[in-house]
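Keep in mind that the numbers below use all heavy atoms, side chains included, and drop hydrogens, waters and symmetry copies. Chain identifiers are assigned alphabetically (A, B, ...) following the order of the sequence lines, protein sequences preceding nucleic acid strands; residue numbering begins at 1 within each chain.
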Amino acid sequence: RFKCGLSGPVLDVLRCRPGWQQARNEEEWDFLWCDVTWLRENFDHVYLEEHVRICHFRNHYELSRKNYLVKNLKRFRKQLEREAGKLEAARCDFFPKTFELPSEYHLFVEEFRKKPGTTWIMKPVGRSQGKGIFLFRKLKDIFDWKMVSMTVCSLERGNCLFVFPQDGGRTNEQKDETQIETYVVQRYIENPYLIGGRKFDLRVYILVTSYSPLKAWLYRDGFARFSSMRFTLNSIDDHYVHLTNVAVQKTAPDYDPEKGCKWMIQQLRQYLTAKHGTGLVEVLFADMDNIFIKSLQSVQKVIISDKRCFELYGYDILIDQDLKPWLLEVNASPSLAASSQEDYELKCHLLEDTLHVVDMEGRWAKMLSTLSRFLLLCEGVHMFSLLGKRLEGAKLYSC
Amino acid sequence: MKNTGKNQSELSLSASLQRITILSQLLHSGHDFIMSEEHEISLHNPEIKLESLKEDIKDFLKTSGWEKKLQNAVYSELNVFPSPCHPAAPPEHMKEPLAYMRKAQGSWEKRILKSLNSMCTELSIPLAQKRPASEQKELLNKWNEMGTDEPDLSLFRPVYAPKDFLEVLMNLRNPNYENGEQPSFRNHLGLIQVPLKVKDIPELKEDFSELDLNIGQLGIDDSAQVPPEFFENEHVRIGQKVLAEQDSAAAQQYVRQGCPTALRADLWALILNISNQPEDILYYEQLKSNVIQHDLLVDSLIYKDVKLTASNDDYYFVFEDYLYQVLLCFSRDTSVLEHFAYSSATPPKSYIQGKLGIEEYAVFYPPNGVIPFHGFSMYVAPLCFLYHEPSKLYQIFREMYVRFFFRLHSISSHPSGIVSLCLLFETLLQTHLPQLFYHLREIGAQPLRISFKWMVRAFSGYLATDQLLLLWDRILGYNSLEILAVLAAAVFAFRAVNLMEVTSLAAAEAVLADLSTLKVMPLLQIFLFATVT
């Protein structure tokens, strides 16, 4: 019996699954697909039996909120450096320089002044779909930028007056804090890899079925999202040039829903191989695997482990012109709405396969990599190759 | 490797060799060689004789790689030019030996030109005009992002679409051939009713012997389930060796088993003999400046076509800008006129205003003689996956066009011409899937009506890109387009069960609407080598 808080592909897939029934309103359920709000409000109060499955971890925000992710990564990196040396720690350098505002404002300004003229991007931590993001090159731009309603708050730090916008859709957690919304400011990647003059980012789905031991699955059918305009650094105000989320692109003037703006990852891989050769492309994909694993490891100890929880994350990766992948963010509630017929099918397959892997029916244990499009990424300390074979000698450092 | 008639053809090619610019390059570098220090020293050697000079030059050719380049150039000319015919044959026969075909092509061309001219008069736009300086500057600035332009193209229509062309082909008849019988199973039931010779499966099996079941193929033996040691690794190694040797003929043989993705761009360039020399880049830049200076009516047709087809494609939309850069230059490239010597088509002529009919004032319009039709830009789009430098992309496309693509929209009796391909397709289907053929015919869904558009576009835009490139590997490898007809038949064979159940043309089209999941090589292999005949 399942209960589902969302409509669209999720509901359709759940309904179609043989032997699964939608639970009626007050009835008990065995499987829940909920949104994070429900989780926050009810998880601590509801008694959950051993066998149920729920689609989020209690404190998933350690990975999905930008400021916590940065914090965890920085901490993990330090630990790794202490225990395994600089070389291994350097493998964590897939996150562009980031500072939390307002708490790390001074550190930010110091870094900012080191390289004047670089572009930075400001992102609100609690929001998604590209809302509230802007780019700037001068410190004064932070002050010039205005939102609909403002809350003025003066901080007693070096005579600096900060104007922070009021967040209309504040979450429960933020109500406990003061009226300041937290932001992260990140060095903007000015040399993204372009295809046909356009910028794109990658959306890869990672399914985590347990954190201790760490068991993660990589979905084969990730995709690249293209911005509909040619890339230029001249117009940093133009959201359509820089932000590739489908939500933003949907409002672009020449957005054509038939067009799709998406390439499957295999397509991208083919294109890059034809251009750069197999060697470099394999390194690129290995680096991406490294991103997934290290980011999960960094929150491994922090996430409240619960055998009943699993989570499907949407990773946003950007590739720069040197074929280096950068982690932009991790979504704990990746959009499961469908933008087209093809997209609907993609999301349905994703969800079906997720359900296979989570395997409530206990049927598929041995056959998962042939049955679904998920590839086992890591289990415990072992990494797996694309063919499902355990990579000997490739042990993960655990901290 | 078939080496038929190479020696005979070499003699008749001596004239065309003179046209090869490579010779002038050779002469220059040969001059440098003679002037080089080593040779100066040996020239002063009193023992040097004329005989050793000849040997020295031969050695020079070998060591500097010029021998290879000359070989490649000769080989590529052999591929393109038809075998020599009787010395008394008039030049039209090199274009097209059958008179009725020539006539049909001529009237088709008249129709297209009429349509173009009437559009021109209707919209009162001149066929060509010089751009004002400000517009020139603007275009130059926007050269890399012409796709951002949104000109009003609503009044333009494509000059013709593949289905118009199919209507013409259906009405082709050989006036000397009288077939008094009613159509029945003893003769041909398809749409094409001309008695051209096409191959049957045993002949195709022989021609395409490298596609046999027991020979490794990319597209089959490189899938995830097959360990790479079986075939893939060795194949890649051989490919790298072929590239190192820079041998066109070897490359052409090699690609019959498919190209590894990382090597494909270089292998195709080797087969097509494109090396992107400074002269080539300069030539492209000249074409670019022609585009900037003059505006042609066909430019709008090109814009419209790109916007309608490639820009709406899920995978090719990214390359929109490249398509303009290639196609606009292509329409101004007069070197393309050379291919009309062996094509059944003739470039349309236009007259300077007021001088109609006076030959001195005739110009070819468009300058390259090729009027684009609906879907033309799809010939270029897949190449954007391989080539990113505009002048190289341009040259590859031009060479592909003058070797292969032109045959897909001109009426000729050539075995790779579209008429033969259609007939081959229909014959294969009727012979090996008679029940299916009859059923489709009965419900008014003649198979050619569905497969025609696939073949005219060489399947571009219908197959997934990686599959398309594997198919085009074989086109290059076998120097023939017949594989398009075989694939079309194989697709029908694959979906035969569903097709037997449909009861209308629309339903049949729906079954065959989406080819993007098809794997080309297994289909071809099964159809040619694993079907009981």
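Between A:K324 and A:D287, no side-chain nitrogen of the basic residue sits less than 4.0 Å from a carboxylate oxygen of the acidic one, so the salt-bridge criterion is not met.
Using modelled atom types, no side-chain atom of B:Q257 and backbone atom of B:Y254 make a donor-acceptor pair closer than 3.5 Å.
Chain A forms the most heavy-atom pairs under 4.5 Å with one residue out of B:F385, B:Y322, B:F319, B:Y387, and that residue is B:F385. The candidate with the highest count of non-hydrogen atom pairs below 4.5 Å against chain B, out of A:Q266, A:M264, A:H276, is A:M264. Heavy-atom pairs under 4.5 Å with chain A peak, among B:T465, B:L263, B:D266, B:L469, at B:T465. Top candidate by heavy-atom pairs under 4.5 Å with chain B, chosen from A:Q270, A:Q267, A:K275, is A:Q267.
For a residue to count as touching a neighbouring chain, one of its non-hydrogen atoms must lie under 4.5 Å from one of that chain's; by this rule B:C384 touches chain A with the backbone only.
Within 6.0 Å of CZ on B:F231 lie more than 12 heavy atoms contributed by other residues, nucleotides or ligands. Applying the 6.0 Å contact sphere to CZ of B:F230 captures no more than 12 heavy atoms from other residues, nucleotides or ligands.
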Requested in this report: With side-chain contact (heavy atoms from CB on, under 4.5 Å) as the test, would you mind laying out the steps for A:M288 and A:L202 before giving the verdict?
Outcome: CA-CA 10 Å; A:M288 290 207 288; A:L202 294 175; 3.6 Å; yes
